[in-house]
Amino acid sequence: MANLFKSFLGGSSKPTLTQITEQLKEQLTDLESTGEVLKTTISSFFDAVTKAQEEEVNISIRSLSDLFFMAEESRSTTAMMICGYLIEQGYDPQLVSDRIIEKLAYLTESAYAFYQKFKIELAKQSPVTDDEESDEEDGYELLEELKEKYWDEMTDSIISWNTLEQQYTPAVSVFSLDRSQCIIAENTLEHIGEMAEYNQGCYWLNKLFEVLHHEPIVIIEPSTSTGVIGYMSGVVDNFQLQALIMDTFPHKGSPRISKAYTDLFRGIGPQSLEGSMVCHWNLYNWPVITEQLLLPDAKDYSTSTYWIWGEGKPADIGVLDGYRIVLLGEPSYQRSTNLQRVFNHLQADILIEKELTPTEVQNWLSRMYQAAQQA
């Protein structure tokens, strides 16, 4: 700690961010450093960040990213969390994105060996039942048992599995803030989707990778012959999609949704608010359209297989002629959702490119009906 308190001993100025960064790196790599010592230095580090120039902070972030590959994963996680927090505060995600991707590539490949062993053992268990929640709980219990059973044989793989469940959070922040790096990660990292069911880190990374960007979309309200063509980006689930349609779809009179709610679902401001939002429509997939080019009665629950459920994701919405199609109908019952977005730093939007004329709406509905009949 001598360097940190040099100002008191020798009368010189307080240590710079660069000096504190080196001190922090030394302590993180010294496994005998206590948590209290690290806590004090990390506090000094963040205090110095507030007084430093941007370039000096950038250098410190890049320097700390050297520690992402430490053998002691708890310390590498600390370094990654510090960098992730600073990226969330507005520093360039590409200062660390290459190293995060490299680290995750190692972790996923290493963890996959244990996952394969787990899947073999899981297949030997009693057959899958209709109770998905119970089956999943049984799987998690087996997972923990196998960690203990195979620890000596598969130590590195199990450590990697556990580390994925800690280090995904700064990765999600980085990939949410920089779409180009998210694409690189999605194309680089293997086994994420396969391991998502039983690994929390893989689950959230996979959920982020499934988000569509600049996806062509057609939204039509058949009862009013109103429709738009545009693009959606960053929408994680269909409750969020409903909120953005409520804001952007043409209407007269008072807004369907408040600006505070809209900002939340666009990725602006707080990640959550008190209360809930009542959904304005029932959302349908296009094959439900009737011969009269209308939607079925809202109370006809036999057509619920065509509903676009709020808990689902836009990637599952049906496509026609290259467009995701969303049809808007009267709500079958009152649906509401909590005022919370999934990824704090992922911005979302629906960009309306063109408002359709009533004739164009009817043409689109006719194409849907014809395509459904031929399916």
Side-chain angles (χ1 to χ4, degrees), residues 21 24-25 28-29 54-55 57-116 156-215 233-234 236 267 313 315 342-348:
T21 300
L24 178 56
K25 290 178 67 176
L28 285 170
T29 53
E54 180 177 353
E55 183 56 33
V57 179
N58 290 342
I59 292 171
S60 291
I61 292 172
R62 188 64 179 174
S63 180
L64 282 174
S65 72
D66 292 340
L67 303 187
F68 292 179
F69 303 93
M70 285 183 61
E72 176 51 55
E73 292 292 10
S74 64
R75 296 298 178 89
S76 69
T77 298
T78 299
M80 197 175 289
M81 291 293 187
I82 292 171
C83 292
Y85 173 79
L86 291 173
I87 300 305
E88 291 176 352
Q89 304 312 302
Y91 292 95
D92 187 358
Q94 295 190 24
L95 290 167
V96 296
S97 56
D98 58 338
R99 290 178 174 173
I100 285 180
I101 292 171
E102 184 180 351
K103 178 61 182 293
L104 290 178
Y106 163 74
L107 291 176
T108 51
E109 189 61 39
S110 173
Y112 190 63
F114 172 66
Y115 175 75
Q116 288 178 305
D156 289 345
S157 186
I158 295 170
I159 289 175
S160 293
W161 178 275
N162 293 337
T163 303
L164 274 170
E165 297 196 314
Q166 300 169 342
Q167 296 188 355
Y168 78 91
T169 51
V172 164
S173 295
V174 167
F175 301 151
S176 295
L177 289 163
D178 192 321
R179 175 61 184 159
S180 67
Q181 298 306 300
C182 186
I183 293 172
I184 293 172
E186 184 178 355
N187 292 333
T188 301
L189 304 180
E190 299 180 348
H191 316 305
I192 291 288
E194 190 176 350
M195 297 192 292
E197 183 176 2
Y198 288 100
N199 185 283
Q200 179 176 246
C202 290
Y203 172 84
W204 288 112
L205 287 167
N206 188 61
K207 196 172 189 69
L208 181 61
F209 293 162
E210 288 179 332
V211 175
L212 303 175
H213 291 266
H214 203 64
E215 182 75 3
S233 293
V236 180
K313 59 183 184 292
V342 175
F343 296 116
N344 190 20
H345 301 285
L346 181 64
Q347 295 202 343

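This one's a predicted model, so the numbers in the text were calculated from it and none came from an experiment.
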Q) What pairs with Ile59 under side-chain contact (heavy atoms from CB on, under 4.5 Å), at least two apart in sequence or on another chain? A) Glu55
Distance-only donor-acceptor hits, side chain of residues 183-193, under 3.5 Å, sequence neighbours excluded:
| from | atom 1 | to | atom 2 | distance (Å) |
| --- | --- | --- | --- | --- |
| Asn187 | ND2 | Ile183 | O | 3.2 |
| Thr188 | OG1 | Ile184 | O | 2.7 |
| His191 | NE2 | Glu109 | OE1 | 3.3 |

Q | Residue pair Lys25 / Leu64: nearest heavy atoms and the distance that separates them | A | CG-CD2, 3.8 Å
Q. Who pairs with Asn344 by side-chain hydrogen bond (donor to acceptor under 3.5 Å, both in side chains), at least two apart in sequence or on another chain?
A. Arg341
Q) Which residues satisfy the side-chain hydrogen bond (donor to acceptor under 3.5 Å, both in side chains) test with Glu72, sequence neighbours excluded? A) Ser74
Q: For the residue pair Leu346 and His213, establish whether any side-chain heavy-atom pair is separated by less than 4.5 Å.
A: yes
Q | Non-neighbouring partners of Lys103 that pass salt bridge (charged side-chain N to carboxylate O under 4.0 Å, His left out), sequence neighbours left out | A | Glu73
Q: Quick one: do Leu95 and Leu86 satisfy side chain to side chain contact (heavy atoms under 4.5 Å, CB included)? Show the steps, please.
A: CA-CA 10 Å; Leu95 290 167; Leu86 291 173; over 6 Å; no
Q) Where the side chain of Arg75 meets the backbone of Leu28, is there a donor-acceptor pair that is under 3.5 Å apart? A) yes
**Q.** Partners passing side-chain contact (heavy atoms from CB on, under 4.5 Å) against Ala171 (at least two apart in sequence or in another chain)
**A.** Ile100, Leu104, Phe175, Leu205
Q | Any residue meeting side-chain contact (heavy atoms from CB on, under 4.5 Å) with Ser65, in chain and number order, not counting sequence neighbours | A | Arg62, Phe68, Val96, Arg99
Q. Can you pull the side-chain hydrogen bond (donor to acceptor under 3.5 Å, both in side chains) pairs that have at least one residue in residues 80-95, sequence neighbours excluded?
A. Glu88-Ser173, Gln94-Asp178
**Q.** Ser157 side chain vs Ser110 backbone, donor-acceptor pair below 3.5 Å
**A.** yes
Q | With sequence neighbours excluded, residues passing side-chain contact (heavy atoms from CB on, under 4.5 Å) with Gln200 | A | Glu165, Tyr168, Trp204
Q. Taking only residues two or more places apart in sequence, or in another chain, which ones meet Thr78 in a side-chain hydrogen bond (donor to acceptor under 3.5 Å, both in side chains)?
A. none
Q) Rounded to the nearest 0.5 Å, what separation is found between the CG atom of Asn206 and the CD atom of Glu210? A) 4.5 Å
Q) Shortest non-hydrogen contact from Ser76 to Leu67? A) CB-O, 3.3 Å
Q) Ignoring hydrogens and geometry, is there a side-chain-to-backbone donor-acceptor pair from Thr77 to Gln167 under 3.5 Å? A) no
Q) Going from CH2 on Trp161 to CD1 on Ile159, what distance comes out if it is rounded to the nearest 0.5 angstrom? A) 15.0 Å
Q) Rounded to the nearest 0.5 Å, how far does CG of Leu24 lie from OG1 of Thr29? A) 9.5 Å
Q: Apply the test side chain to side chain contact (heavy atoms under 4.5 Å, CB included) to residues Val172 and Ser176: give CA-CA distance (whole Å), side-chain angles for both, the deciding distance (0.1 Å), then the verdict.
A: CA-CA 6 Å; Val172 164; Ser176 295; 3.9 Å; yes
(Q) I'd like to check the ring-ring contact (aromatic ring centres under 6.0 Å, His included) partners of Phe209; sequence neighbours left out, ordered by chain and number. (A) none
Q) Rounded to the nearest 0.5 Å, what separation is found between the CG atom of Leu164 and the OH atom of Tyr106? A) 10.5 Å
Q. Rounded to the nearest 0.5 Å, how far does NZ of Lys207 lie from SG of Cys202?
A. 14.5 Å
Q) How would you list, by chain and number, every residue that makes a side-chain hydrogen bond (donor to acceptor under 3.5 Å, both in side chains) with Glu194, sequence neighbours excluded? A) Tyr112
(Q) On a heavy-atom basis, which atom in Pro170 and which in Gly84 lie closest, and how many Å separate them? (A) CB-CA, 3.9 Å
Q: Show your working on side chain to side chain contact (heavy atoms under 4.5 Å, CB included) between Lys313 and Val236 and close with a plain yes or no.
A: CA-CA 6 Å; Lys313 59 183 184 292; Val236 180; over 6 Å; no
